[in-house]
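So the structure is just underneath, and the comments pick up after that.
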Amino acid sequence: MKQARAAKQLSPRFLPINLSEAKSRGWHELDVIFVTGDAYVDHPAFGVPLLARLLESKGFRVGIIAQPDWRSKEPFMALGRPRLFFAVAAGAMDSMVAHYTPARKLRRDDAYTPGNRHGARPNRATIVYTSRLKEAYRDVPVVIGGIEASLRRFAHYDFWEDKVRRSALLDAKADLLVYGMGESPLLELVQRLQAGEPFTAIRDIRGTAYASSALPEASAATGVLELPSFETVAADKTAYAESFRLLSGEQNPGCAKIVAQRHAERYLVCNPPAEPLSEKALDRIYALPFLKAPHPSYTAPIPAYEQIRSSITTHRGCFGGCAFCAITHHQGKTIQSRSEGSVLQELERLVALPWFRGSVSDIGGPTANMFGLSCGDRVAGAKCRRGSCLFPRPCGNLVTDDARSSRLLANARNVSGVKHIAVSSGVRYDLLERQPRYLRELVGHHVGGLLKVAPEHLTDRVTSVMRKPGRASFEQFRITFLKESSRIGKKQHIVPYFISGHPGCTLSDMVDLALMLKSWGMQVEQVQDFTPTPGTLSTCIYHAGVDPFTGEQVYVPKTDREKGLQKSLLLYHVPDERKNCLLALKECGREAAAEELFGARPKR
Ligand code: SF4
């Protein structure tokens, strides 16, 4: 009977967003209702639909309330009362990052909303949505997850309020928090509830956190680490940095402890991370019947969907460990790759879609050239507490064999109906040095004249704070790229992306970077101003002013003026920026660099 229900549910239909759609499936009650800050796009690149499809495939009745109006509880009742729980996510981005620029100015757009319209979700959506749900159904459990809840699960520095905030679980008054990728924790939760365990008794699922009045007991398998309390880290920046350092050592599912942090009279208790998904499990998820389209109720285009609709995700995770990036914290350091067959089958399904015209916009993951890579030493990997397999130098245990990734690209090009495949996911060029076959495939077939790479900075002092490869590695890559392009008779260019205003970066570092670009004849079109997003190492340094691992003081540019001048220096070739560049040069005593930067000493 359960199987029959599952089979019926697997018909390729959108998941219900209201009661009449639920009833058309014969569902008078749902098991789990997802509430999300993004529009409902039935595509595996969107986290909530992916989780919802997974539960549906296991026979559960699920629905999605997307971007409800949070000013009253009624929109949260669109699908009635769920039998098991509500699952809340702010969306693919932290709602504060989605709403504000790095200068804390309100954005006018939102790529995850039809018509690119701003204002379809509230600030701190996880907290607001949970509060409305509790108003509507006080006794129904609420499980929060997604990047916002995940990276705010402990006491964390919040750039927008410029203070340390409590755990999102406690602020939201939710019943459970799922962190990282949610498939395994969520599936285990629904299956145990289905088997009759009471919600409040389920306290041991990996990848979850809960509130408790007492510290948990250490088990034989898992010890308990208690972080400095919220009150301590909120008052003391050194304690905040120490807490960050301690927590960083507990990210590996193979050896992580339970981590607890007291908030007044209660503890936030966080179980070890979920184990990475196997290739088979990932393949099964990507074979679910996604319609690869937004729900038909939307009339305006959704920019985020337009961008990814003809892309294929090959893997998850990133072992780069860049200081400013949340991916390693959210998806984990272990690369979880799909099988080649699964990726090619998805490509064949993409080709069969009526709107597909032959171009695949991306085939990759968080870092494209990490597909199929892994730690070569199981025992060392299970105990490893390094934040990056590449920084400060590539680990000797890292297997960088590019046979799988290069073969995948070659075979993907041969799928009938595919005319061109771009690799627009980022690549790690320090890794490419060890991947000659992948490099040849990439440069020869998937660049389209311009390869976007993100060195983020190039002075070694700054890249060491960012945990990125330095100048020598970029120069080596630049030469290899140009040589390989010329060998195959193509004139191709590198488009580099940089961050200004990152901790550790002075005006003088930006002058050095601008001079390097000038010497290579490179011009950047866009500069990303650093945003201290929740939970990253860079954000910890921004707040505490020290590197938590070395205890060394780090210079942090904080004023809008200095951040603006840093940005201008990178845009030295834009006439409107010249005045600011001259100011910046004067301010850091580098006026002599003007001649080199502008070609001739400009008139003052
Ligand atoms: S042992 Fe080396 S390769 Fe393995 S996970 Fe740790 S850093 Fe990465």
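Whatever order the structure lists them in is the order used to number ligands and atoms, beginning at 1. Quick note: residue numbers are just sequence positions, from 1.
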Please determine if atom 8 (Fe) of ligand 1 has an N/O/S atom from C389 lying under 2.8 Å away.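 It does: C389 brings an N, O or S atom closer than 2.8 Å to atom 8 (Fe) of ligand 1.
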
Charged N to carboxylate O below 4.0 Å: is that the case for R471 and E475?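 Salt bridge: yes.
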
Any ion pair linking E279 and R338 (charged N to carboxylate O, less than 4.0 Å)?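 No salt bridge links R338 with E279.
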
Could you walk me through whether H457 and F498 pass the ring pair (Phe, Tyr, Trp, His ring centres under 6.0 Å) test, one step at a time? CA-CA 6 Å; H457 210 289; F498 295 101; 7.0 Å; no

Whether the side chain of Q261 engages the backbone of A155 through a donor-acceptor N/O pair (distance < 3.5 Å, no angle test) should be reported.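 Indeed, once roles are kept as given, a pair shorter than 3.5 Å links the two residues.
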
How far is atom 2 (Fe) of ligand 1 from the closest protein heavy atom, and which atom is that?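 The answer is C395 SG, 2.3 Å.
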
Atom 4 (Fe) of ligand 1 [closest protein heavy-atom partner, distance rounded to 0.1 Å]: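 That would be C375 SG, 2.3 Å.
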
Identify, by atom number and element, the atoms of ligand 1 in contact range of L398, meaning under 4.0 Å from any of its heavy atoms.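 Those of ligand 1 that fall under 4.0 Å from L398 are 3 (S).
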
Just jot down the ligand 1 atoms closer than 4.0 angstrom to any heavy atom of N397, in number order.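 Answer for ligand 1: 1 (S), 2 (Fe), 3 (S).
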
Would K558 and Y542 count as a cation-pi pair here, with the cationic atom under 6.0 angstrom from the ring centre and within 45° of the axis?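 Pair K558/Y542 counts as cation-pi.
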
Taking N, O or S atoms only and a limit of 2.8 Å, check whether C384 reaches atom 6 (Fe) of ligand 1.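 An N, O or S atom of C384 is closer than 2.8 Å to atom 6 (Fe) of ligand 1, so yes.
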
